[in-house]
Amino acid sequence: MTPQTTADRLNTSSMDSPGTGAVAATGSPTSSATSSVEGRLSFPRALRAELMKIRVLRSSWWLSGIALVLMVGFTGLALLSYNAMRSVQQGSSGAQMPESSDAELMRQLLTSGTGGLTFAGILLGCVGIIAISSEFGTGSIRSSMSAVPGRGLFAAAKMTAVAITAAVVGAVLVVASTAVILAFAAGEGLLGAADTGEIMQSVLTNWLSMIVVTLLACGLGLLLRSTAGAIVTLTMFLFVVQIALGILSGMTQNAEFVQFLSTWEFGNLLTSLTQLSEPTGEDYDLSVTTGTAILGLLAWLAAVIVPAAVLFQKRDV
Amino acid sequence: MITAESLTKTYGSTTAVDDVSFTAEPGRVTGFLGPNGAGKSTTMRMAMGLDRPTHGSITVNGRRMVEHRAPLREVGAVLDAGATHPGRTGRQHLQVLAATHGIGRRRVDDVIELTGMDSAATKRIAGYSLGMNQRLGIAAALLGDPATLIFDEPVNGLDPEGVRWVRQMVRQLAAEGRTVFISSHLMAEMAQTADHLVVLGRGRVLADMPIQDLIDASGEARVLVRSQDASTLMNALSAQDVTLVARDAETFEVTGLDARTVGRRAQDVGAVLHELTPLQSSLEDSYMKLTDHAVQYRSGAAVADVAPADAAAAAPEGVR
């Protein structure tokens, strides 16, 4: 059976593809130089593909939507409790409780109003986890690797796409939440006492923390390759470790190593990052300065993402 | 062109692919044949850069996968039909792949039309039939108009029409001068598609030869004869190198004579013939003989523990 007769037979066969001749525009391709299709792999293109993957999945939109509802919902709750607090203060006519200054109240509003962040962070984190773990879960990683065989390029494009997604969605969440707080503050007549720099700091640090959490989650997904495993581990990072260390601290009468761990664990650094007041340096205050928090969080990111990337290079897909 | 050199892959103490060397040339369909667990898929995964060889190398168009600057334009692969995200539509799957290389929308439309999946392209992959998944896989493989194509068991689970479509597609791709590397555990399928065969058993190459050579090497032609004077004819045909096997009163099989000779002898003795059919199943037989000792998972009997070297020795002439 020679190739020519096959082609002839194929052209006269009942095959329902009018475009069979278009498989190749050229006679005898032996390398990409003869491929009729133009285009070459590059980082910006791999990144565009990764962004498209996140965008076309329903779960990304669902999770982001729920994160927005949670975030703004928490803001609403915080404002309600503020009202309750104020009425208590006014009821006791300032005798037992010292009246807070307007600037302090504003700061409290900004801090408690963005308290839903941790929960929204988990949901955004899930977007980051699913972006990578679903590739392994569904086997689509094998298609992805046929187009982008370089593991480093693939991981970099994936991480960048997740960071961009977190930045966009995170910005929407933080801005929405802050807008609600400011509107409420205006109604209470507190806006005059608001420090623009502090508002900016609140917006920026909250936004940054969203990106950090989502990237950590994506790193966990790349490391563990399992959606459930990565979500559980993320929850440990955000909540469980903090609680466990709290219990340990009580058991050991606040031993130094527990204090050390409690200061540098991920959740505490994240809280420190978004905190508006400076650390007091007292024993019960575990918070660190914003700059220190950023460095600590970057170290945590590196501690997860570097091993994940190294293993990804080595392991079979 | 695909070139494997001393390719070896071990998982712990298990050797899945053992010192395999072969070349799949452009312009022909190279069949990759072997029982389940012989190492075919592992070899293909290593060619695509999914698995890392423990030893040796496998290159596509002269380079390892990661070294290509436009991988989609070098090689297209259908390794398994499920390598897609069920939440995307077929078109979205193709668009994502195309985006990595900046391949335009028109090419995406082209391959959708080419593989005949038009209406399904806008539906979510979760609802695809096996056949439609297979078409999507082939569409993705063709996206970059690559010089080399790798198909792992492409007709598994397809209906007869789908099998015919894949077979024609594969033949045409080779006729266009491409390298087509296609695996199967069915000799009958390969016999209709491949020009060249690489037979694998227990991770080792048992044969690497043109399919015609394997047919020729498979030994004596058999002829099915149906005659109302069967016994007379059988007497007339009996000779030293001829084997006659009666099937029923009127039917018997001849090994060692071709149909032409049987027909002439029948005329000589005045036997009335109803049927005279050359049998081609010998290809299947020689494949079975070739891989007999290399089958890893055998039903019933205990797993044969014969080294692949013995299997090669038992193989027909011309097989290494």
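Order of the sequence lines fixes the chain letters, A, B, ..., with proteins taken first and strands second; residue numbering starts at 1 for each chain. Keep in mind that the numbers below use all heavy atoms, side chains included, and drop hydrogens, waters and symmetry copies.
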- Heavy-atom contact with chain A under 4.5 Å, split by part of B:L79: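 No part of B:L79 comes within 4.5 Å of chain A.
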- Query: For chain B, which residues from residues 38-45 of chain A have at least one heavy atom closer than 4.5 Å to it?
  - Reply: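 Answer by number: A:E38, A:G39, A:R40, A:L41, A:S42, A:R45.
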- Nearest heavy atoms of B:L97 and A:A147, plus distance in Å: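 Closest approach of B:L97 to A:A147, heavy atoms only: CD2-CB, 3.8 Å.
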- Message: Which heavy atom of A:A49 sits nearest to which heavy atom of B:T100, and what is that distance?
- Response: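 Looking at all heavy atoms of both residues, the closest pair is CB-CG2, 3.4 Å.
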- Message: Given 3.5 Å as the limit, does a donor-acceptor pair link the side chain of B:R45 with the main chain of A:R142, or not?
- Response: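 No, B:R45 side chain to A:R142 backbone: no donor-acceptor pair under 3.5 Å.
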- Is the side chain of B:D51 donor-acceptor paired with the backbone N or O of A:D316 at a distance under 3.5 Å, no angle test?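 Absent.
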Can you find a heavy atom in the side chain of [X] that is under 4.5 Å from one in the side chain of [Y]?
{"X": "A:P149", "Y": "B:H68", "result": "no"}
{"X": "A:S134", "Y": "B:H85", "result": "yes"}
{"X": "B:R124", "Y": "A:R58", "result": "yes"}

Quick one: of [options], who has the most non-hydrogen atom pairs under 4.5 Å with chain A?
{"options": "B:Q95, B:M65, B:R69", "value": "B:R69"}
{"options": "B:L143, B:T84, B:V66", "value": "B:T84"}
{"options": "B:A141, B:A140, B:A83, B:P86", "value": "B:A83"}

- Query: Which distance, rounded to the nearest 0.5 Å, do you find between the OG of A:S146 and the CD of B:E74?
  - Reply: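 Rounded to the nearest 0.5 Å, the OG-CD separation comes out at 13.0 Å.
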- Query: If you round to the nearest 0.5 Å, how far is CZ of B:R88 from CE of A:M52?
  - Reply: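 So the gap between those two atoms works out to 10.0 Å.
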- Item | Neighbour count above 12 (heavy atom, 6.0 Å) for B:R105 CZ |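 No, because the 6.0 Å sphere around CZ of B:R105 holds 12 heavy atoms or fewer from other groups.
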- Query: For A:R151, does the CZ atom sit with more than 12 other heavy atoms under 6.0 Å from it, leaving out its own atoms?
  - Reply: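 Yes - once you tally the heavy atoms of other residues, nucleotides and ligands closer than 6.0 Å, there are more than 12.
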- Message: I need the residue from A:L51, A:V148, A:L47, A:T138 with the largest number of non-hydrogen atom pairs under 4.5 Å to chain B.
- Response: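 Looking at each option in turn, the highest pair count goes to A:T138.
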- Using a cut-off of under 4.5 Å on heavy-atom pairs, state which of A:E135, A:R48, A:K53 scores highest against chain B.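 Among the listed options, the one with the most contacts to chain B is A:K53.
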